[in-house]
Every structure is written in structure tokens, then in C-alpha cells.
Amino acid sequence: MTEIASEIGKFAQEFTRIVAENKQLQIENDQLRAENDRLREQLQLQRERILELERQRSEIQ
């Protein structure tokens, strides 16, 4: 019986560790998604700026 209790204790510890690790990974994932969104926005603005500059250049020529 104590062997079963010991196994249950080990399982509970491992489960708790996995839950904590999962939570940390979710936090990191959320941060990376936010950074990715910010970089996509920045890239879109740069693309729009390039198009505007190309339009201006073609008007000058």
C-alpha cells in the first residue's frame, strides 16, 4: 500500500511540475505572439512606405 501511495505522490509531483511548465510556456507563447504581431505591423508599415516612395519616384521620372 505504501508503494502505491509513493507512486501517487511521484505522479502528483510530476503532474504539478508539468502544469507549471505548461503555464510558463503559455506565457512565453503569448509574449512571442505579441512580438510577432508587432513585427508584422512594422513590416506592413515599411511595405506601405516603400510603395509610397516608389510612387513618388515614378511621378518624378
Side-chain angles (χ1 to χ4, degrees):
M1 198 62 149
T2 56
E3 188 178 321
I4 292 173
S6 174
E7 287 298 314
I8 290 172
K10 288 178 189 175
F11 175 81
Q13 279 183 323
E14 185 68 6
F15 183 81
T16 301
R17 184 192 66 76
I18 290 170
V19 167
E21 184 179 347
N22 185 55
K23 187 174 185 175
Q24 182 59 40
L25 289 171
Q26 286 177 339
I27 290 168
E28 290 175 24
N29 189 43
D30 290 344
Q31 291 170 343
L32 289 171
R33 283 181 191 269
E35 176 71 2
N36 190 40
D37 289 345
R38 187 186 68 75
L39 290 171
R40 283 180 189 271
E41 235 176 81
Q42 191 175 38
L43 181 59
Q44 183 59 34
L45 291 173
Q46 289 173 347
R47 284 178 176 153
E48 290 171 9
R49 180 68 177 138
I50 288 169
L51 289 173
E52 179 60 30
L53 291 171
E54 286 175 346
R55 270 193 232 90
Q56 289 176 8
R57 184 180 66 184
S58 68
E59 287 173 4
I60 292 172
Q61 291 178 349

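For the single chain, residues carry numbers from 1 onward in sequence order. Just so it is clear, the structure is predicted and the values come from calculations on it, not from any experiment.
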Side chain to side chain contact (heavy atoms under 4.5 Å, CB included) between Leu51 and Arg47: does it pass, once the steps are laid out?
-> CA-CA 6 Å; Leu51 289 173; Arg47 284 178 176 153; 5.6 Å; no
Heavy-atom check, side chain of Gln31 versus side chain of Glu35, under 4.5 Å: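 Heavy-atom side-chain distance check fails, nothing below 4.5 Å.
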Could you tell me whether a side-chain N or O of Ser6 sits under 3.5 Å from a main-chain N or O of Thr2, the two making a donor and an acceptor?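 No; zero donor-acceptor contacts below 3.5 Å.
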| said: Using 0.5 Å steps for rounding, measure from the CG atom of Leu25 to the CD1 atom of Ile18. | reply: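 Here the rounded value is 11.5 Å.
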Just how far is it from atom CG of Asn36 to atom CG of Leu43, taken to the nearest 0.5 Å?
->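 Between Asn36 CG and Leu43 CG, I get 10.5 Å after rounding to 0.5 Å.
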Exercise. In this structure, which one of Glu41, Glu48, Arg40 forms a side-chain hydrogen bond (donor to acceptor under 3.5 Å, both in side chains) with Gln44?
Worked result: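 Only one of Glu41, Glu48, Arg40 forms a side-chain hydrogen bond (donor to acceptor under 3.5 Å, both in side chains) with Gln44, namely Glu48.
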*asked:* Could you go through Glu21 and Arg17, starting from their C-alpha distance and side-chain angles, then the distance that decides it, and tell me whether this counts as salt bridge (charged side-chain N to carboxylate O under 4.0 Å, His left out)?
replied: CA-CA 6 Å; Glu21 184 179 347; Arg17 184 192 66 76; 2.8 Å; yes
| task | For Gln56 and Glu52, test the side chains for any donor-to-acceptor distance below 3.5 angstrom and give the result as yes or no. | result |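 Short answer, yes.
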